[in-house]
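Presented below is the structure to which this report refers.
Every heavy atom of this structure was used, including side-chain atoms; hydrogens, water molecules and symmetry mates were not.
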Amino acid sequence: MDNIKVITDFSAPELDIYARLSEGQLLHYYEPEPGIFIAESPKVIERALDAGYEPVSFLLETKHMEGEARELLARCRNVPVYTAEFDVLTRLTGFPLTRGVLCAMGRRRLPDVRSLCAKATRIAVLENVMNPTNVGAVFRSAAALGMDGVLLTPGCSDPLYRRASRVSMGTVFQVPWTFFNASDGFYRITGYSGKRTSDAFYWTNGKTEIWPQKGMELLRELGFKTVAMALRDDSTTLTDPALKAEEKLAIVLGTEGDGLADRTIADCDYTVRIPMARNVDSLNASVAGAIAFWELGKKNSEIQK
């Protein structure tokens, strides 16, 4: 097949996107147009293709040509495929490939918050969750447990980074999401005020505070009641009937370690604490999110089946 190329030259420029460019550089690869991301493993790639993302090229271990990648390649017959043995790929990329398959794919323009939330009743909001593993795990729980979308502050890790999408098992391509600072379909880390409250940044575009001020105002305008997941003694519980009665809820989760900023908690309509035994003082953001999504997403008919 003409599109299959065995790797013999490590310096080939077409391999730069896999071996020599950072994920941040790939993000801006076609600037001012949306850039590229790398999807890893057949399941993640399959879900990206199902969601309509366009493949740029494949990089895979030779044995997977007739194995796990066979159906993927059949769907993408004219897409360049670069292949080599496992040890060669590991030397090229600097890491062992999960399930032996990578696919470079074109990014798409992001929706704005208003359009994403137009028909949503349950959304997750991530405040400065910087660990891509946690971001991916939150998406997997959000997909499984009834969330209609995920909104991220500018300080969050990109859901399309390789580790985040892999941990999510490709659910980043199934759950609608966007950044609060998405502008004309793009998102950029535009800056922060330099001030901290409870070690959380307040992100600005130089003129307007993006989060939490404008973000909270927009959620309120769209009819959402906000739920801060926080360790406060005056918190309510996830089983509070008042929460269950709300038509629209935005569940706000904070960064690793410090949790939500004081100001964010103060701006939310509810503060919820998950009771814990054995003097455990906190849960990982993705675990806390899964518990909250299960309890507060039960209005979702797919869960009730």
Side-chain angles (χ1 to χ4, degrees), residues 17-18 23-24 26-27 29 34-61 64-65 67-77 79 81-82 89 93 95-111 116 120 122-126 129-152 156-179 182 187 253 284-287 289-290 293-294 297 300 302-303:
I17 56 179
Y18 296 105
E23 291 188 292
L26 293 178
L27 173 65
Y29 193 79
I36 292 173
F37 67 93
I38 304 295
E40 182 179 1
S41 87
K43 175 58 70 177
V44 173
I45 297 168
E46 178 185 19
R47 285 180 167 166
L49 292 173
D50 289 345
Y53 285 86
E54 294 290 335
V56 174
S57 65
F58 286 89
L59 177 66
L60 53 86
E61 190 178 349
H64 293 307
M65 295 281 295
E68 294 192 61
R70 183 174 181 176
E71 292 185 8
L72 294 175
L73 300 182
R75 293 178 63 174
C76 308
R77 293 187 181 279
V79 176
V81 178
Y82 305 102
L89 291 181
T93 62
F95 56 84
L97 277 63
T98 299
R99 310 303 285 270
V101 185
L102 296 178
C103 182
M105 310 190 91
R107 288 176 177 266
R108 298 195 307 209
R109 293 176 182 271
L110 291 174
L116 186 144
R122 294 291 186 270
I123 60 171
V125 178
L126 305 187
V129 179
M130 295 172 280
N131 186 318
T133 298
N134 280 342
V135 170
V138 169
F139 267 86
R140 191 170 181 180
S141 296
L145 301 173
M147 294 297 103
D148 299 314
V150 178
L151 303 178
L152 303 99
C156 288
S157 181
D158 186 342
L160 294 188
Y161 280 175
R162 183 176 61 87
R163 181 177 296 178
S165 64
R166 187 184 74 228
V167 170
S168 82
M169 290 297 292
T171 56
V172 294
F173 307 114
Q174 297 177 320
V175 179
W177 61 273
T178 194
F179 279 82
Y187 56 97
L253 299 163
N284 177 280
S286 62
V287 175
F293 302 160
W294 166 249
N300 188 303
E302 291 186 18
I303 293 179

Hey, could you give me the [atom1]/[atom2] distance between [X] and [Y], rounded to the nearest 0.5 Å?
| X | Y | atom1 | atom2 | value |
| --- | --- | --- | --- | --- |
| H64 | L73 | NE2 | CG | 11.0 Å |
| M169 | K43 | CE | NZ | 6.5 Å |
| I36 | L27 | CD1 | CG | 10.5 Å |
| L59 | Y82 | CG | OH | 9.5 Å |
| F37 | I17 | CZ | CD1 | 11.5 Å |
| L151 | F179 | CG | CZ | 10.5 Å |

Might you point out which heavy atoms bring [X] and [Y] nearest each other, and give the distance in Å?
| X | Y | value |
| --- | --- | --- |
| P176 | Q174 | CD-O, 3.7 Å |
| S168 | T171 | O-OG1, 2.7 Å |
| P34 | R109 | CG-CG, 3.9 Å |
| V175 | G149 | CG1-CA, 3.8 Å |
| A48 | M105 | CB-SD, 3.5 Å |
| A290 | L145 | O-CD1, 3.3 Å |

Taking [X] for its side chain and [Y] for its backbone only, find out whether a donor-acceptor pair lies under 3.5 Å.
| X | Y | value |
| --- | --- | --- |
| D148 | R122 | yes |
| T178 | P111 | yes |
| W177 | V172 | yes |

Are any of the side-chain heavy atoms of [X] and [Y] separated by less than 4.5 Å?
| X | Y | answer |
| --- | --- | --- |
| V44 | F173 | yes |
| P132 | V167 | no |
| I45 | V101 | yes |
| L72 | L60 | no |
| E23 | D158 | no |

Item to complete: Go through the steps to decide whether E71 and E46 satisfy the test side chain to side chain contact (heavy atoms under 4.5 Å, CB included), and finish with yes or no.
Response: CA-CA 9 Å; E71 292 185 8; E46 178 185 19; 5.6 Å; no
Practice prompt. Name all residues meeting the side chain to side chain donor-acceptor pair (under 3.5 Å) criterion together with R70; count only those two or more places apart in sequence or in a different chain, and write none if there are none.
Written response: none
Worksheet entry | With S286 via side chain to side chain donor-acceptor pair (under 3.5 Å) - residues at least two apart | N284
Practice prompt. Step by step, work out the side chain to side chain contact (heavy atoms under 4.5 Å, CB included) result for C103 and V79.
Written response: CA-CA 10 Å; C103 182; V79 176; 6.0 Å; no
Could you list the donor-acceptor pairs under 3.5 angstrom formed between side-chain atoms of residues 50-58 and any protein atom two or more places apart in sequence or on another chain?
from	atom 1	to	atom 2	distance (Å)
D50	OD1	R75	NH1	2.9
D50	OD1	R75	NH2	3.1
S57	OG	Y18	OH	2.8

